[in-house]
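Predicted model only: the values in this text are computed from it and were never measured. Residue numbering restarts at 1 for every chain, and letters A, B, ... go by the order of the sequence lines.
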There are 2 protein chains.
Amino acid sequence: MCKVAVIGYGVVGSGTVELFMKNRESISKKVGKECDIKYILDLRDFPDSPFADKMIKDFNIILNDAEVEVVAEVVGGTTFAYDYTKKLLEHGKSVVTSNKALVAEKGAELLKIAREHNCNYLFEASVGGGIPIIRPLNKCLAGNEILQISGILNGTTNFILTKMIKEQMSFDDALKMAQKLGYAEADPTADVEGEDACRKICILGSLAYGKHIYPEMVHCSGITKITLDDVEYAANAGYVIKLIGSVKKLDDGRVSAIVCPRLVPKSNLLASVDDVYNAISVTGDGVGDVMFYGQGAGKLPTASAVVGDIIDCLKHHHRVLALTWEDCDDKNFVAPYKDMDVSMYVRIKAENAEALKSSISEMFGKLMYIERSGRTENELAFITPNMKEADIDANLTILSHSAEIASKIRIY
Amino acid sequence: MCKVAVIGYGVVGSGTVELFMKNRESISKKVGKECDIKYILDLRDFPDSPFADKMIKDFNIILNDAEVEVVAEVVGGTTFAYDYTKKLLEHGKSVVTSNKALVAEKGAELLKIAREHNCNYLFEASVGGGIPIIRPLNKCLAGNEILQISGILNGTTNFILTKMIKEQMSFDDALKMAQKLGYAEADPTADVEGEDACRKICILGSLAYGKHIYPEMVHCSGITKITLDDVEYAANAGYVIKLIGSVKKLDDGRVSAIVCPRLVPKSNLLASVDDVYNAISVTGDGVGDVMFYGQGAGKLPTASAVVGDIIDCLKHHHRVLALTWEDCDDKNFVAPYKDMDVSMYVRIKAENAEALKSSISEMFGKLMYIERSGRTENELAFITPNMKEADIDANLTILSHSAEIASKIRIY
């Protein structure tokens with residue numbers, strides 16, 4: 001008999017229990033032994049739950065029960081979750097999690113503890129919800145050098161942007177709708193400012209490049225400043241605006257990593273990824289481009305990934321699965337984003353902005369102006385050629401003496 | 001030291017050697033031991049190859065070399081490949097392959113031999129080239145009951161259809177172009193008649209449902225009869241025509257499995273999968289819909305999957321990876337496709353076809369007629385309501401007394 005414990009009976013926790021119990025028979029067959037959930041730890045009471053007999057409030061019961069081989073940490077956060085996970089791994093119990101904050105902040109340390117105690121720390125659910133990405137990246141694409149990973153990693157912001165693009169809803173109205181539908185939290189900061197996507201790109205980058213990329217190493221900007229004007233200009237130039245997290249290998253051994261809104265060409269499949277869906281594109285030196293698509297959050301989709309990891313741990317009890325990376329002591333492992341080459345969409349406002357065209361062209365060389373219906377002579381929008389971001393900024397600083405830089409958004 | 005042999009130095013074989021040797025250092029790191037290719041078996045001579053010193057012509061050298069742990073069978077076909085694979089597995093050597101014909105025809109038998117001899121038979125490369133699909137389906141989605149798998153599984157036909165849809169090229173011209181570009185073989189039958197896609201859906205269905213689905217159990221029709229007229233009508237109704245392989249769980253424990261062209265709504269992401277790209281959509285009871293996208297064929301993409309499997313085998317030498325299914329003795333496991341409910345696009349020709357509208361409406365109830373520029377009164381195109389395919393056919397048989405049934409294509 002294989003025994004599992006679940007820590008946290010919130011959205012993901014209850015989904016994990018529901019899916020596991022529903023498919024318990026086929027799961028047991030896959031593991032090769034009868035499997036069951038023995039404990040559900042939550043400080044709240046759930047007297048009406050069909051699993052009330054499994055509910056406990058004392059973490060030590062799980063920690064000290066030798067029968068429990070695998071624990072799903074789905075409580076979230078980096079305080080209790082960190083303490084619990086560390087202790088469980090030190091006791092040789094494998095831990096699986098959807099906790100992206102914890103993996104992004106403490107992954108290297110927890111993976112090291114797991115290795116040292118001959119157990120596993122798996123986190124397929126931490127990126128892309130139910131979308132298989134961690135294991136494919138680590139296993140299926142193991143023969144490749146990973147050149148780049150980029151994607152739409154946050155469903156809340158993608159829902160908001162989709163509403164702005166397809167229904168000309170303002171950012172504020174789209175956010176309110178997302179909150180009403182349960183897609184955004186009361187405090188939406190972590191989503192709309194890009195922090196959630198940043199944690200995910202840190203996890204993917206750490207796995208692909210073998211060194212822990214910490215969130216504070218990654219430049220991150222969100223979607224709160226995107227306006228319907230930008231959406232319209234983008235559309236007229238053949239683009240849609242998406243919040244993109246990306247990490248890329250540089251020739252000198254460093255990586256670039258950044259989270260920001262980008263103008264994605266409509267011909268790119270990522271441009272067709274709408275609503276709360278996520279998609280992650282991986283480029284390898286052998287495989288070329290592959291893309292993984294699905295629901296990046298939600299109760300059962302996320303539970304699907306958690307349960308998949310539980311099964312893998314049960315099948316490999318006390319055999320380390322070699323999903324790991326080292327800590328990063330090189331503060332310069334992530335290159336400064338301003339050193340990277342990029343092409344930039346810029347919208348400026350000025351009295352008679354049209355008159356600035358010649359000096360703008362002189363700054364940037366060949367550039368593309370974009371039109372929109374109702375544009376006045378006091379507004380200009382253009383796309384710069386590909387050049388070092390610091391040089392674009394230097395030009396825009398000069399330009400800011402004669403115009404307001406209303407928007408700048410990187411091109412994908 | 002971990003030693004690998006490659007059987008077959010054609011497109012995939014040479015790609016496998018190239019990618020493995022290029023990334024040998026990182027592969028060795030992932031495996032945890034120095035890895036190398038010891039032999040390349042091919043009956044042809046390659047005196048100018050940088051790997052000429054590894055070339056051999058005698059299979060028994062590989063079979064009897066205890067140092068060889070893993071063999072990549074990339075020779076194709078079901079004769080030599082079958083014989084070699086069987087013998088290697090019986091000798092406890094793991095085999096990885098891109099050979100979809102062999103897996104689709106002999107998978108259950110070879111997987112059983114592998115289990116019995118404590119080694120692995122892996123075939124990530126047999127479906128979708130480099131796209132990770134076998135392992136995600138088997139591992140990441142293991143917590144799900146798989147409700148349905150469907151996708152664009154053949155790059156050649158997708159290229160041809162893309163040319164027909166986007167450039168109004170005829171089937172014959174598009175096929176010629178595909179041949180010229182190396183995307184289609186001189187004898188394109190296996191691709192254009194859907195046989196290749198059929199093998200792939202058999203492999204996916206066998207894995208998802210645990211019983212071997214043989215190609216002869218699956219109804220299969222290709223794209224040779226698709227005309228530009230159909231492409232135009234489909235477009236006007238909001239669809240594109242794609243060759244889709246699909247397998248679905250039925251409530252009674254059986255499955256439905258079919259390969260055929262379908263009208264895919266433009267809003268579905270599969271409709272945006274163009275050229276030689278493949279995409280596979282999987283629906284699970286937990287995860288909902290996930291999609292995997294990438295290059296479904298080609299030298300290095302396919303090699304990427306082969307090398308990924310080699311690494312997995314080397315890491316799990318003499319530990320069975322539980323990727324398996326049983327033989328199928330139930331001839332009725334795949335339900336007759338004519339018993340399934342489907343909605344059908346139909347194009348008919350008759351003198352004054354318009355006059356048949358009232359009797360067609362009587363047959364099918366509520367149905368949708370489609371227009372196109374230049375349609376004469378001698379042609380009609382319509383989409384039937386969702387109903388049992390046998391009933392649609394019975395109606396069309398009656399209709400065939402007064403009109404020619406020029407096309408019928410299922411709706412996705």
### Task
Examine whether an atom of A:Tyr277 lies under 4.5 Å from a heavy atom of chain B, and if so say whether it belongs to the side chain, the backbone or both; otherwise answer neither.
side chain
### Message
Tell me which of these, A:Val282, A:Leu137, A:Val287, has more heavy-atom pairs under 4.5 Å with chain B than the rest.
### Response
A:Val287
### Task
Answer yes or no: is there an ion pair linking A:Arg135 with A:Asp312, defined by an N-O contact shorter than 4.0 Å?
yes
### Task
Please say whether more than 12 non-hydrogen atoms of neighbouring residues, nucleotides or ligands are located less than 6.0 Å from NZ in B:Lys30.
yes
### Task
Would you check, one step at a time, whether the test side chain to side chain contact (heavy atoms under 4.5 Å, CB included) holds for B:Ile149 with B:Ile280?
CA-CA 7 Å; B:Ile149 303 171; B:Ile280 303 148; 3.8 Å; yes
### Query
Can you say whether B:Lys29 sits under 4.5 Å from chain A via the side chain, the backbone, both, or neither, judging by heavy atoms?
neither
### Message
One pair to check against side chain to side chain contact (heavy atoms under 4.5 Å, CB included): B:Val290 and A:Tyr293. What are the steps and the verdict?
### Response
CA-CA 5 Å; B:Val290 287; A:Tyr293 166 90; over 6 Å; no
### Message
Looking at chain B, which one of A:Ala303, A:Cys140, A:Gly284 has the largest number of heavy-atom pairs inside 4.5 Å, strictly under?
### Response
A:Cys140
### Task
Give the member of A:Gly294, A:Pro132, A:Gly32 that has the highest number of heavy-atom pairs under 4.5 Å with chain B.
A:Pro132
### NZ/NE/NH1/NH2 to OD/OE distance under 4.0 Å, A:Lys112 and A:Glu326
no
### Message
Using a 4.5 angstrom heavy-atom cutoff, name the option from A:Gly308, A:Ala305, A:Pro301 with the most pairs to chain B.
### Response
A:Pro301
### Query
Hey, would you say the A:Phe333 and A:Trp325 ring centroids sit under 6.0 Å apart?
no
#### Entry: Contacting moiety of B:Lys315, where chain A heavy atoms sit under 4.5 Å
side chain
### Task
Using non-hydrogen atoms and a 4.5 Å limit, figure out which bit of B:Asn23 sits close to chain A: side chain, backbone, both or neither.
side chain
### Summary
The interface call for B:Asp285 against chain A, heavy-atom contacts under 4.5 Å, is both
### Query
If you measure from the Lys or Arg side-chain nitrogens to the Asp or Glu carboxylate oxygens, is any gap between B:Lys139 and A:Glu124 under 4.0 Å?
no
### Task
Go through the atoms of B:Glu145 and report whether side chain, backbone, both or neither lie under 4.5 Å from a heavy atom of chain A.
both
### Query
With only heavy atoms counted, which part of A:Lys22 is less than 4.5 Å from chain B, the side chain, the backbone, both or neither?
side chain
### Message
Shorter than 4.5 Å, heavy atoms on both sides: which option in B:Ala125, B:Ser281, B:Gly130, B:Gly286 has the most such pairs with chain A?
### Response
B:Gly286
### Query
Between B:Ile134 and B:Leu122, is a side chain to side chain contact (heavy atoms under 4.5 Å, CB included) present by the stated rule, with each step listed?
CA-CA 9 Å; B:Ile134 300 292; B:Leu122 301 185; over 6 Å; no
